[in-house]
Amino acid sequence: QQPSGSDIRTRSFICSSVFCLVLLTVALGAQALTPSHHLSLSDVERLKGLLSQPFTDLASAYYSIVGLSKLGAAVADENDACQFLKAQLDPMSVDSLFFAAEASQAIADCEVSISNETRDILLAAVSEDSTVTQIFRAVSALSSLGLPLASQEVVAALVARIAKEDNVLAITTALQTATRLSQQAELGGILEEIEDLAARLDDLGGVYLQFEEGLEATALFVTAAYTLSDHADTEPPLKEDQVIQLVNSVFSKKSWDSRSEAFSVACAAAALSSNRFHVPVIVSTQGPATVSHSQPILHLLVTDILSNPLASANLLVESAQAVASKSVVLSQAPFSLRDGIFELNFMASQPASGYYQFTVAVTGDSRLVANQVELKVKVSTEVAVTNMDLSVVDKDQSIGTKTSRVDYPFKAKGSFTADSHQNFAMNFQLVDANTGVELTPHQTFVRFHNQKTGQEVVFVAEPDSKNLYKFELDTAERKSEFDSMSGTYVLHLIVGDATLENPILWNVADVVLKFLDEEAPAAIQSKTLYMPKPDIQHLFREPEKKPPTVVSNTFTALVLSPFLLLLILWFKLGANISNFSLSPSSVLFHVGHACMLGLMYVYWTHLNMFQTLKYLAIIGSLTFLAGNRMLAQKAVKRYGQSSTLTFFTRRTCEN
Amino acid sequence: MSNSVISVISRFLEEYTTKTSNKLKVVDAYLFYILLTGALQFLYCLLVGTFPFNSFLAGFISCVGAFILGVCLRIQINPDNKGDFLSISQERAFADFLLAHTVLHLVVINFIG
């Protein structure tokens, strides 16, 4: 069926939007990535230490001997190791032959004896029916022992096995196998596997790139990819960012679980520091990245990932920009190399104190990866306090101010007195001791300390627009901070900043403060602040005041007394129950009614509404029925009487 | 002025004692009793205070409600008002009185606390 016009339009829209998204991602991700992990010298020592542990079987001997050789070190006793290899060798096993052959290659003057059978066994292992690992071990053993092998057959077997075993470790092992084959063989198909494997790597946050199979698989992949690329003289299809991310993944772990893991890391480190295509470079500072007048030189180290200094590298400052003012202080300045360390006299450019963002570039080798590095360098200086003037200013300015100048680090000779009518003022300037430029450090505090009570009050001195520091204490206004405690306060000036090499704590003067209302709260204020407070007793809700029992009793009797009156009145009126008929309905009615009244009492004392309604329904319906009967009977009787009466009256009247 | 008041009162009392039937006087005595009880409760509340308020309300409303129901009963059984209550016989009035009192007592006991 032909796609409709709207289908085509939707598809083209989706394609163009995906393309735009990809372009955007590429543009955003184009920031240079630098390695965040590498092997420092102590890490390399630790790695060597792990590999130098005594070995118990051929496999561990192989990892140790070959691993140490990759790091440029050797086993403790080479002769012993060689004897061990010869003793442990099992000439019938491909694995055993592989370990022994490879390890003996790493040791000088160590040869493993072979026989014709050895060759046959090894050649037999190279077939489509063996696993990739078997093929790899056989091919490596053959190559290490100097025996001939048919590269094309190996390639064919590998290609067949890769199709069957499609996992990361198998393909990596196939790549490793290809490095032992002749360069004339058809390695193109296997080289393509590098790119396919690289696509299987997991990107973690844009910083790490690793296989989900773990560190060992990633390290082995790196080794295999670069060894094969060197062997086939083809640049590996890995982008610069990918290489850095692989470096981060492989070298982020600084203590290794097993010898094989340490071995894989050692191989990867060796491959990345000495292959022909990509060499990641690490630029680090020697000590803190700080320069000052006393230490004007910035020292940088340029190494590979094994912390070996790079032989042919040149370091250049592309730009040095002040973080605060964004002005570029230095541009395209080279570092000079001295004893393997790169030096630059940054103070020669006379930078102001503060932080600088350096962009340095490493040149000299086309293989270098991540050769543009950003560093933050701090320029520190020393501060000097000048023009420190202390004065006591009268609020209404009737009396002239008394100003005295104090020089750092001396203390003012007399003490200054300020009461509620006066303000104590302090003016000073902070300048860079070396250049005379005015500074505004982060911390400029004025501290008052009462020696007797231990009170400490700290204020901040702020600079005005001309960078002159002013501090004024209004005694009346600030009395709450001093708790109105009059007395002698020792005055300190505190100046500090991250870029100052000489923070200042200067006892400037003694100030006597007099406050108006000397409440003299307990001078132990600050001490009682953290003592337990008095317990709060919980006050239960007090019951309401009840009247005395006598009153209640009296009124109870009073309220019940009208009942007596009622009985008396009824007696006087002649109310009686002589007409009480003892019919069953009447009895039942009265009993039922009495029960209902009783139920009311029981409701008051014991029951709730639901239960009462239940009982009331039962008793009430009985009472109702009985009462209905009774009243009907009464009504009949009454009508009977009245009709008889009317009958008699009529008869009498008629008569 | 006071003369006329006294004469009115004495005339009223005379008519009352002679004209009203005994049945009605019985009911009147009952009403008077209820009135006294309610008044005494109110006096207590004024003198001593309203604690506990719910009990006072229950008692007072009981008196008020009983008084009203008694008055209704008296009106309904008065033979002079027969013309207004043709469909309601005396027995029926009494039955209504009892039913209403049951409901009143239920509410009062619920509220008395």
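Every chain is numbered from 1 and lettered A, B, ... according to where its sequence line falls, protein lines coming before strand lines.
In this structure, the side chain of A:Trp570 engages the main chain of B:Val26 through a donor-acceptor pair within 3.5 Å. Although no hydrogens or angles enter the test, the distance criterion places a donor-acceptor pair under 3.5 Å between the side chain of B:Asn22 and the main chain of A:Leu573.
Residues B:Leu98 and A:Phe589 form a side-chain contact, since some pair of their non-hydrogen atoms from C-beta on lies under 4.5 Å apart. Side-chain contact between B:Asn110 and A:Tyr603: present, with at least one pair of heavy atoms (C-beta onward) separated by less than 4.5 Å. Counting heavy atoms from C-beta on, the side chains of B:Tyr30 and A:Leu566 come closer than 4.5 Å.
When heavy atoms are compared at a cutoff of 4.5 Å, A:Met600 approaches chain B by way of both its backbone and its side chain.
We find the CD-CE distance between B:Glu91 and A:Met630 to be 8.5 Å, quoted to the nearest 0.5 Å. Taken from OG1 in B:Thr102 to CG in A:Leu599, the straight-line distance is 10.5 Å, to the nearest 0.5 Å. Taken to the nearest 0.5 Å, the CG atom of B:Leu106 stands 5.5 Å off from the CG atom of A:Leu613. Annotation: the span from B:His105 atom NE2 to A:Thr612 atom OG1 amounts to 14.5 Å, rounded to 0.5 Å. Here B:Leu40 contributes atom CG and A:Thr556 contributes atom OG1; the two are 11.5 Å apart, rounded to the nearest 0.5 Å.
For the pair B:Ala95 and A:Leu631, the tightest heavy-atom approach, listed with the atom from each and the gap, is CB-CD1, 3.9 Å.
Across B:Arg92, B:Gln41, B:Gln90, B:Lys25, the residue that shares the most heavy-atom pairs under 4.5 angstrom with chain A is B:Gln90. Of the residues considered (A:Phe624, A:Tyr601, A:Trp604), A:Trp604 shows the highest number of contacts with chain B, using heavy-atom pairs under 4.5 Å. Counting heavy-atom pairs closer than 4.5 Å to chain A, the top residue among B:Leu36, B:Ile34, B:Leu99 is B:Leu36.
Remark: A:Phe459 CZ is packed, more than 12 non-hydrogen atoms of other residues, nucleotides or ligands lying under 6.0 Å away. Environment of OH in B:Tyr16: crowded, with over 12 heavy atoms of neighbouring residues, nucleotides or ligands closer than 6.0 Å.
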Report task. Assess whether side chain to side chain contact (heavy atoms under 4.5 Å, CB included) is satisfied between B:Tyr33 and A:Leu565, documenting all intermediate values. Result -> CA-CA 7 Å; B:Tyr33 150 68; A:Leu565 182 66; over 6 Å; no
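Aromatic ring orientation, B:Tyr44 versus A:Phe555: perpendicular (interplanar angle above 60°, classes split at 30° and 60°).
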